[in-house]
Structure formats: C-alpha cells, structure tokens
Undergrad: 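Could you have a look at this structure, given as structure tokens, before my questions?
Only heavy atoms go into these numbers, but all of them, side chains included; no hydrogens, no water, no symmetry mates.
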Amino acid sequence: MAGGPAPTGPSASPLGQAWGYGIVLGIGFLFALGMVFTTWVLRRYNNELQTSEMFSTAGRTVKSGLVASAVVSSWTWAATLLQSSSVAFRYGVSGPLWYAAGATVQILLFATVAIELKRRAPNAHTFLEAVRARYGTATHFVYITFGLFTNILVTAMLLTGGSAVVSSLTGVPTAAACFLLPLGVVIYTMFGGIKATFLTDYVHTVILLVIILTFAFTTYATGDRLGSPRAVYDALQDLSSHTPVVGNAGGSYLTMRSKEGAIFFVINIIGNFGTVFMDNGYYNKAIAASPVHALPGYIIGGLSWFAIPWLCATTMGLAALALQGTQYFPTYPDPMADADISAGLVLPYAATAILGSGGAVATLLIVFMAVTSAFSAQLIAVSSILTYDIYNTYINPKASGKRLVYTSHTCVAGFGLVMAAFSTGLHYAGISMGYLYLLMGVIISSAVLPATLTLMWKGQNFWAATLSPVLGLCCSIIAWLVTTAKLNNGVINVETSGANNPMLAGNVVALLSPAIFIPLLTLIFGVADYDWVSMKNIRLVDDSEVAAAAHLDPEALVGRHTELSPEAEAAEQAKLFRASKIAKITTASMTLILLVLWPMPLYGTGYIFSPNFFAGWVVVGIIWLMCSTLAVGVYPLWEGRMSLKRNFGGMWRDVTGKGPKRHGEHIEVVEGRKTAESGTHTPKEAAADEKAMEVK
C-alpha cells in the first residue's frame, strides 16, 4: 500500500514536465483570474460585496442546480476517479458499483441533516456553532478537532493522489506538484469565498463529465484498441481463465460476488460517513443553499455523482485489465506494481493505453479539476472553522465583519501552505492515497453518530455528545492496530496496517462503538430535554463596516441575510419541516435501493455477467452520466438565467457605452422577502416573482 517514489521507465512521463507545469500553473491561474473578474462583475452589476457573511455563506441564496453541481464537484475527489479505477482493476465489475453505492448514500442521507441544520440553526455559519450553542465549550472543541481531522485527511488524500498522477504523467517532482496544485485554488478562494467554490465547481464538473463520456465512448464504441463492450468482455473472460481473481465467483472479473470487494464496500461506506457528516464543507453548502433548494440540491447532486465513479471505473479500470498485456499499456510487458495501483495510477495508464498522449492530457485535466475543486471546498471549510469557531468565539468575540474577512483570507492561505508541506512529508514517508482512503474512517467516523444526533434528537446529553467520539476513536485505533499485529505476527508497518482486514476492523469499531457509548452515557447521566432555542439564537455578523468601506448601502446588498419577521419565520419553518419529512422518506428509500435491492441479489446468486448483460450494464452507466450532465451542467444555467441576463446585460451596456444599470434597478435578494432568490417559496413561484420584478 506504500506510495513510494513516482514510477520510472516508460510509464514515468509520457507528456513531459512542460505539460505538467502548464496545466497545474496555467489553468490554476486562469481560474484565479476568472474568479477575480467574476467577483468584480457580481459587485458591479449584482450589488454583491465580499462581506464576511457572503464569504462563508454566499448570502444563503444558492439554488438547487448550483448546490447539486457543487456537491458533485466537491465529492469528486482525486480518489473518486483514481481509487474507483483501482478497485475495478483489483476486483472487476463489482469494484465500481461498491465504490459508487458506498459513497452516494452518505450524500443522500446528509440531505436530511442539512434540512435539520437550516431548521434548527438558521443563522449558523458552521455546524460547529450549533454544537457550541447546544453543549458549550468542551464539546465544541471535541468537534472542532474531529472536523479539522476530516479536512486534513481529505486534503492530504487529494494532494497525494493528485501529485502522484501529475508526477507519473509529466515527470514533475511530487514535492513540486504538492505545492503547486493548491496555488491557484488558494488565490481564487481568497477572492471569491464560497461563491467562488460554487462557480468554479460548476465549470470543473462540466469539463470532468465531458472527459469521462469521451473515455467511455472511446472504450465501448469508437476506439480502435477495444471499441465495444464485447471486446472488453472477451478480454476479461480470457484474463479470468489465466489469472482468476481470488475470492470472486468462478475467479471472474465479471461478477458482483467478490469477497475482497465486499470488504472494501464496508470500509468505503463507513469511511465516507465520516468524510461527509464531519466535513464542515458539506454543512457550508447546506447553509449557503436557500431553504427550499437545500433538499433537491443534495438529492440531485448525490444521484448525479453516482454515475461518475461507476462509469469512470467501469471504463478505465476494466480497460486497464483488458489492455495490460498489450503493447499499448505503459508498463508493458510488466504488469502494474501493487504500489502503483494503490497510488491511483490505473486511470492514467488506461487513458494512455486507449488514447495515447491525448488520454494522458485528459487524465491530467480531470485529476487537476478533481483536486482543485474539492480542495477549494476544504479551504472554505477550514477557514470557516478557524474564523468563526475559534477566532470569533474565543480570541476576538467583538471582531468586525472586515476583520473576519481578513482572518478568513489568512486562514485560506495558511492552510494551503501547511497541507502542501504535510502532503510532501506523507509522500516521502511512503503513505499513498489508497492508504489514507482506508484510514479516514478509523480516525473520524466515531463522531458521526453523536454529531447527527446533535441535530436530530433532543435527548442526547452533554456527556454522550462529548465523550462518545473520543472513546470511539480510542477503540477504533486499538482495534485497527491489534488486528494488524495479530494477523502479521506482531509486525506493524505501512504495508501490514494498510491491508483490508485491519482497516475493516478499525472502521467498523469507529462507526458502531458510539451506538454503545451513547445509550450507556445517557443511562448513567439521564436523557436531556433540549428545546433548540440556543441554536436559533446564533446571531449574524454585522458587515456594515465592509459595506461602508466599499461605499455601498448595506440595505441594498444582494444576498444580505436579515432577521425574518415572525410570520415569515413561521412560513419558512413550515416549509423546512415538510422538506424534512420528504427528505427522510426519499433518502431512506434510495439508500435501500443502492445498498440492498440492486447489488445484493447479484452478490448472493454469484451471477457471472453474460455479454448482453455486461453491454446493458455499460449502456445504463453512459445514459446515467448523460442525465447527470443535464442535471448539473444545463439545469443550473436555466435556474440562473435571470441573473445571467442581468449581469451580461450590464456588461453589454458598459461595452456599448450606454452605462451600467441605474442604482436601485438590481433585484434585491433578502431572505424573508418573497423574491426570486430568497428561497422562501417554491422554484415555480420564484420564477413567476422574478419575472414580475424585472425592470420594464
């Protein structure tokens, strides 16, 4: 499982260092310049100012299409593409479905928690503020620690996986890639805040989807090296007869029954619960969404994301298996080394095999997009925690909005630098992306259950919320290391501790041990009877100083979040309560389908795919990804058509010399008022109101 140095030989750098530096630096700075320009446009034509509230919450007015796109982009890590292709390479067709299903249900289930957060703590900037409001300082610091653990692990995974691919394809030193990948992201995130992550996430997602569809059509339809599902099927059947997969039904790559694949499935589910429910970035997106758009945003995002690892790995992982014994494969005549598989190099090798240098460039682009978009979400998450939960709470409670903006910028830059250095150290220590992916659940999943109950159950007491994550972490680390020692005659190192069985033990104990500790501590110290009032009393930040410095009227700022009238608040709470009920039913049903009704019959019967079944499997994946492209590529443009018209109209008037729109002709976006952006009514009502408010 060790990462080790970048591979040498024919697979080391099919493109050359100029490509690596050009894409990492050139495209990174292109996005940075684009975000600087976008921020200027939004301020000039839309009255949006980068206040502390806007930086962290985007005015709480983001619509469902953009929320879905941001969820897809920030959940599409480097590991989504690289690790899913690696498990397909190891276990066959089961790997992609185990990966996709095991990481989609968390986003769907999180939709319920997102609605509860907006209902219980409408003015919160982070989930951790709600924890402090309910339990106080000690519990607050426990969850700050787990939240930062999550962000550090995810970011390290992004940079170790991304830098390994950049190094293998271009020869750029891994240490250089670790420092250069975050550079452009830090700049555009500092300028644009969470709004920047939403807008750049959209662009990243569209590019990513187009490239994955290109890979799929080349492999299964138009390519000259495979070109059809039947060609891939025959190659996998031939490979199974010569080198059967241990633990798979009939030793076949074309079956869902895979012992090691099923173990990975469990590890994947548990680890990803931690990285969603303990990642402040997902709560940030829920907070930034307007109330009625949070639920559809997460549902659309989760279902759209499913197709990305499923089709990408079904294409690239299986193409790598099919072509590994041909002269097109970069390592030919040698098979791929285990360290290279763990480092996530199956995808770039497969892309090079089916498309040559063009495939290498496409891989470099999608990995760059995956790393930078997810990294920007991590930057905002960490800066929100450090700014609001530490600085504004314990160091400078009376900090002005201007001071908080400065602190957020400093935290973004500081975290980017620290993680670049940390990831470089992990590389030299031999810790790969695959190792971190399996480890994350061991470290963070013990906080999932108590964190969820903080918003979902009024009976969880202070001691259960505070002690169960810490006790669970101790138990999970003991289980992980003891299992490693028992299975390897006392030898504990990167290779032995990164195997499936020790990681499985640690992950299961981490997620489930709080299910013992919480009832026990509740029994000892009694059931609480929390009234949710302290969460509702979280206050907004006064950004009048920032508005005054920009010579803008605070009342006219678009996205300005204000206190609601009692009537408006009651109406909003009613809508959120209804959305909460819908979310619970919808997400539970989808989870049952994805985890049980679809994969388990295929697993239980040990069915080995026929040529026609495999072809249908691939076609469904391609159709699903096309639907994802419509949902997160086209739908956000349709939803934001009025805003786009307003901004482009303003730019056109400036270019043609007719001057900007007169002051006051913008559409004011204030939650609590019935305007198109407020999110306090349905999208259909919003569109009607927005048309009515257009300036004649």
Side-chain angles (χ1 to χ4, degrees), residues 1-17 19-21 23-25 28 76-90 153-183 185 309 312-313 316-317 320 329-331 336-353 359-375 419-440 494-495 498:
M1 299 291 292
T8 56
S11 61
S13 50
L15 292 177
Q17 292 192 9
W19 276 100
Y21 288 116
I23 287 179
V24 171
L25 287 177
T76 306
W77 305 342
T80 303
L81 309 171
L82 305 178
Q83 181 76 357
S84 62
S85 298
S86 294
V87 295
F89 189 86
R90 291 181 191 275
L153 277 169
V154 171
T155 307
M157 206 186 321
L158 291 170
L159 292 181
T160 52
S163 61
V165 170
V166 171
S167 183
S168 71
L169 289 177
T170 68
V172 170
T174 302
C178 281
F179 276 90
L180 294 177
L181 277 169
L183 193 56
V185 192
C312 181
M316 306 311 283
F329 205 73
T331 63
M336 281 192 73
D338 194 66
D340 291 352
I341 299 170
S342 179
L345 301 183
V346 171
L347 172 62
Y349 288 0
T352 304
V361 173
T363 302
L364 201 55
L365 269 175
I366 61 170
V367 169
F368 175 79
M369 296 298 170
V371 170
T372 54
S373 59
F375 186 53
M419 286 311 304
F422 181 60
S423 301
T424 304
L426 289 175
H427 164 69
Y428 285 113
I431 305 295
S432 69
M433 176 200 69
Y435 186 93
L436 292 171
Y437 189 86
L438 298 176
L439 175 66
M440 61 190 180
V494 171
E495 186 175 353

Undergrad: How far apart are the C-alpha atoms of S86 and S342, what are their side-chain angles, what is the distance that settles it, and do they pass the side-chain contact (heavy atoms from CB on, under 4.5 Å) test?
TA: CA-CA 7 Å; S86 294; S342 179; over 6 Å; no

Undergrad: Which pair of non-hydrogen atoms, one from P348 and one from L82, has the smallest distance, and what is that distance?
TA: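 Closest approach of P348 to L82: CD-CD2, 4.3 Å.
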
Undergrad: Applying side chain to side chain contact (heavy atoms under 4.5 Å, CB included) between V346 and each of Q83, M336, R90, report the one that passes.
TA: M336

Undergrad: So, taking the atom named OG1 in T174 and the one named CG in L426, what distance separates them when rounded to the nearest 0.5 Å?
TA: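 So the OG1 of T174 and the CG of L426 are separated by 12.5 Å.
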
Undergrad: Would you compute the distance between atom CG of D340 and atom OG of S432 and round it to the nearest 0.5 angstrom?
TA: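 Rounded to the nearest 0.5 Å, the CG-OG separation comes to 10.5 Å.
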
Undergrad: Indicate yes or no: at least one non-hydrogen side-chain atom of L347 is less than 4.5 angstrom from one of I366.
TA: yes

Undergrad: Can you give me the closest heavy-atom contact between F375 and P182, atom names plus distance?
TA: CE2-CB, 3.1 Å

Undergrad: Indicate yes or no for a side-chain donor-acceptor contact from S163 to the backbone of A177 under 3.5 Å, with no hydrogens or angles considered.
TA: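 Here the side-chain-to-backbone pair does not exist.
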
Undergrad: Hey, could you give me the OG1/CG distance between T363 and L345, rounded to the nearest 0.5 Å?
TA: 10.5 Å

Undergrad: Would one find more than 12 heavy atoms of other residues, nucleotides or ligands at under 6.0 Å from atom OH of Y21?
TA: yes

Undergrad: Return yes if some donor-acceptor pair links the side-chain N/O of T160 with the main-chain N/O of M157 below 3.5 Å, else return no.
TA: yes

Undergrad: Looking at CD1 of I23 and CG of L181, how far apart are the two atoms once the value is rounded to the nearest 0.5 Å?
TA: 11.0 Å

Undergrad: Mind listing the closest non-hydrogen atom pair of P173 and Q17 along with its distance?
TA: CD-NE2, 4.3 Å

Undergrad: Please give me the minimum heavy-atom distance between G162 and V371, naming the atom from each residue.
TA: CA-CG2, 3.8 Å

Undergrad: Determine the minimum heavy-atom distance between V494 and G430, stating which atoms define it.
TA: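 The pair with the smallest heavy-atom distance is CG1-O, 3.8 Å.
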
Undergrad: Say you draw a straight line from CD1 of I341 to CZ of F89; how long is it, rounded to the nearest 0.5 Å?
TA: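 Output value for this atom pair is 4.5 Å.
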
Undergrad: To the nearest 0.5 Å, what is the distance between OG1 on T76 and CE on M369?
TA: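 One gets 12.5 Å once the value is rounded to the nearest 0.5 Å.
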
Undergrad: Given side-chain contact (heavy atoms from CB on, under 4.5 Å), test V24 with V172 step by step and report yes or no.
TA: CA-CA 10 Å; V24 171; V172 170; over 6 Å; no

Undergrad: Specify the closest pair of heavy atoms between A420 and F179, including all atoms of both residues, with the distance to one decimal.
TA: CB-CD2, 3.5 Å

